[in-house]
Amino acid sequence: MYKLQPLFKSVGETPHPSCVYKMKKISDHFNNNVTENNGTDCDAQDSATPNNCEVEQLEKRWTEITSRLQRLQSELAAIKTGSSSGLSSFIDAGPAPPLSVKGLAVQQDLLILRISSLMTSLFELKSRLALMDDPQERNFQDLVIHASPSNPPHSLPLLRERMEKLGVPVYARTHVHSAIAGNKLLSDTLKSFICSDSRLERSQAHMAITLIWIKAGDGEEPSLVVSPSSQAVAINGEANIARYLARFVPGLLDYENQPLKAAQIDQFLDLTESTAPLGSRGMKRERAATLQSLDSTLSSRKSLEETSNEIGLVDFVVYSALVNSCMEKEIGKNVRAWMDRCRSTVKQATAPSDSKRSILENYLKELGIAFRTVEHPAVFTVEAMMEHISHLAGFHAKNLLVKDKKTGKLYLITARHDATVQLSQVSKIIGAKELRFADAETLEATLGVQQGSVTPFALLNDAQQQRVTFVLDGQLWDEKNGKDSYLNFHPMTNEATTSITVAGFKIFLKATGHEPVIIQL
């Protein structure tokens, strides 16, 4: 219909160069000649001079970096070994040969890993020191845990005990909400489920834990409140409570430093969530498969923590889940043996040292045995003990829990404090193959005491299972007159010593079912 003129008139082609700019390669200085675009040759020496300068600068930089890395490595090695020579040895060292880029990267990675490890250790040390600081300056933790009597957090007393071993005094108390005061599930054990040493006051503690039994639905998990005024969501479940405490108390669980170990730990902890296989609302079919897997895992080790045979934090939480959700017939042989070890540990953790002593004293009173107890500071060696009790009449003793390497049989050896005890000689006398000292876990699981508090009075805790054979120095068995008729032992705690007559001790051993094997030393 009509034709319009184009908006823009056509323009001619604009010529442009094939190359805007060109820069020589650094490696060109290795060539004899450099060919220019126009095909002419230039003097090689003149063209390579600026590149040579750049290469020399790079080589110098590599040398400086290498030297700095070597100095850092020397300092780290000196710090680890405690040597001062390593800190100054690099001063006189000549420049190291240049490293390749790959070699330098490897050196850097190794150094970063070492520095990271040292920084983590330093952080843990600073955290531990902060926990031991003046009560007015430290970050006091006031924790409140709500739980149902139908689903008690059995790991809690063990966590409290483990934190105290790490130097974190814990003020712990148990309360019952008025709504469930008459609940039939509230046994005397639950009413004193978690408690600290009665001599520890709240102002002296670094952490306060208050457990409150409340009315809750079946299978409801325990919950932790750190700060009611600012915490919008509670921390639910024993696994998450344990994770929180592990992060607050360095050394409770090596959780952050080893990613692979942390992943394995999380796999076990995740099994205990309420809807997980070992949780209170888990599926029965899934629980059976999980228990079978656990039984296989525990066939080759004593703990769920692969790097340790001692009952640890992971074992505490999984044990609690099994107690609350599983029936006896569902559990395999290996899991049952592991649960027995956990149960013994729980039993000891729920009774503080002063309670153990009171249990023993009540037992002696029931048997009509006279005794006298003297308190003193905690002692861990015979020499330290004698500084406080040498004035007491009678024999003082040292006690050793040992294990037959071949049969696994346990022996408690009690002898005069100054007698020489050679395990090889004792082995021949009692017919054992080879005696070794038992570990702390075995000590707590069988006799219910900690290292430093070993005593023949602890045979009271072995009265039912009879796992320990009692071996006694003959001079402590003969009844004598006067001061030699008394024996002095720790009353389940190394903060006191109890005196008892030989005749009274014989009555005690008969009541616990331990006939001694008498040997002459």
Side-chain angles (χ1 to χ4, degrees), residues 302 309-310 376 378-463 465-480 483-494 497-503 505-506 508-510 512-521:
K302 296 182 179 180
N309 280 328
E310 293 187 8
H376 51 70
V379 293
F380 294 92
T381 63
V382 173
E383 291 77 11
M385 176 184 69
M386 294 305 296
E387 292 180 5
H388 302 285
I389 64 170
S390 58
H391 64 283
L392 296 178
F395 288 104
H396 306 286
K398 57 183 174 184
N399 305 277
L400 310 171
L401 182 66
V402 295
K403 184 177 183 179
D404 191 329
K405 181 180 178 181
K406 183 176 181 181
T407 65
K409 191 173 181 179
L410 295 170
Y411 299 89
L412 174 62
I413 302 174
T414 297
R416 287 161 290 139
H417 78 281
D418 54 355
T420 301
V421 179
Q422 296 181 350
L423 294 184
S424 58
Q425 179 185 1
V426 176
S427 299
K428 294 178 182 179
I429 297 174
I430 64 178
K433 182 66 176 178
E434 183 180 357
L435 296 178
R436 299 282 184 88
F437 289 105
D439 55 28
E441 178 192 351
T442 303
L443 177 60
E444 292 188 5
T446 54
L447 295 181
V449 292
Q450 299 178 1
Q451 292 178 340
S453 301
V454 185
T455 170
F457 284 138
L459 293 170
L460 172 61
N461 295 325
D462 187 51
Q465 296 185 347
Q466 297 288 310
R467 295 177 57 186
V468 180
T469 300
F470 185 44
V471 180
L472 182 65
D473 183 349
Q475 292 200 35
L476 304 183
W477 189 246
D478 296 334
E479 294 188 40
K480 302 179 178 65
K483 65 177 183 178
D484 290 339
S485 64
Y486 290 94
L487 304 175
N488 300 291
F489 307 124
H490 286 319
M492 307 284 200
T493 172
N494 61 354
T497 296
T498 295
S499 299
I500 188 175
T501 63
V502 175
F505 186 51
K506 290 182 177 180
F508 169 82
L509 291 177
K510 185 176 181 180
T512 62
H514 292 86
E515 184 68 26
V517 177
I518 307 299
I519 62 174
Q520 301 300 325
L521 296 174

H388: what forms a side chain to side chain donor-acceptor pair (under 3.5 Å) with it, not counting sequence neighbours?
none
Would you call V502 and L487 a side-chain contact if the rule is heavy atoms closer than 4.5 Å?
yes
Give, for atom CZ of F395 and atom OG of S485, the distance between the pair rounded to the nearest 0.5 Å.
9.5 Å
If we only count heavy atoms from C-beta on, is the L509 to W477 side-chain gap below 4.5 Å?
yes
Show the nearest heavy-atom pair for residues H376 and N494, with the distance to one decimal.
CE1-O, 3.3 Å
List the atom of P456, the atom of F508, and the distance in Å for their closest heavy-atom pair.
O-CE2, 3.6 Å
Residue list, side chain to side chain contact (heavy atoms under 4.5 Å, CB included) with I429, at least two apart or on another chain
Q425, I519
Could I get the full list of side chain to side chain donor-acceptor pair (under 3.5 Å) partners for S427, not counting sequence neighbours?
none
Heavy-atom side-chain proximity of L423 to F437 below 4.5 angstrom:
yes
Donor-acceptor contact present, side-chain N461 to main-chain L447, <3.5 Å
yes
By side chain to side chain donor-acceptor pair (under 3.5 Å), T442 pairs with (sequence neighbours left out) D439
Intermediate values then yes/no, side-chain contact (heavy atoms from CB on, under 4.5 Å), M492 and L460
CA-CA 10 Å; M492 307 284 200; L460 172 61; 4.2 Å; yes
Side chain to side chain contact (heavy atoms under 4.5 Å, CB included) partners of K405, counting only residues at least two apart:
E434, R436
List the atom of F505, the atom of I500, and the distance in Å for their closest heavy-atom pair.
N-CD1, 3.8 Å
Which residues pass the salt bridge (Lys or Arg N to Asp or Glu O under 4.0 Å) test with E387, sequence neighbours left out?
none
Should K398 and V421 count as side-chain neighbours, where that means a heavy-atom distance under 4.5 Å?
yes
Is any side-chain heavy atom of I430 closer than 4.5 Å to a side-chain heavy atom of T469?
no
Check whether any side-chain N or O of N488 sits under 3.5 Å from a backbone N or O of A397 as a donor-acceptor pair, and report yes or no.
no
I need the L435 CG to Q422 CD distance, nearest 0.5 Å.
12.5 Å
Got a sec, which residues hit side chain to side chain donor-acceptor pair (under 3.5 Å) with K506, two or more places apart in sequence or on another chain?
E479
Could you list the donor-acceptor pairs under 3.5 angstrom formed between side-chain atoms of residues 406-419 and any protein atom two or more places apart in sequence or on another chain?
| from | atom 1 | to | atom 2 | distance (Å) |
| --- | --- | --- | --- | --- |
| T407 | OG1 | D404 | OD2 | 3.3 |
| T407 | OG1 | K409 | N | 3.3 |
| T414 | OG1 | N399 | OD1 | 2.8 |
| R416 | NE | D473 | OD2 | 2.7 |
| R416 | NH2 | D473 | OD2 | 3.3 |
| R416 | NH2 | L521 | O | 3.1 |

Could you tell me which residues satisfy side chain to side chain contact (heavy atoms under 4.5 Å, CB included) with Q466, sequence neighbours excluded, listed by chain and number?
H514
Inter-residue atom distance L401.CG - L443.CG, 0.5 Å rounding
5.5 Å
By side chain to side chain contact (heavy atoms under 4.5 Å, CB included), T498 pairs with (sequence neighbours left out) F371, T373, F457, P491
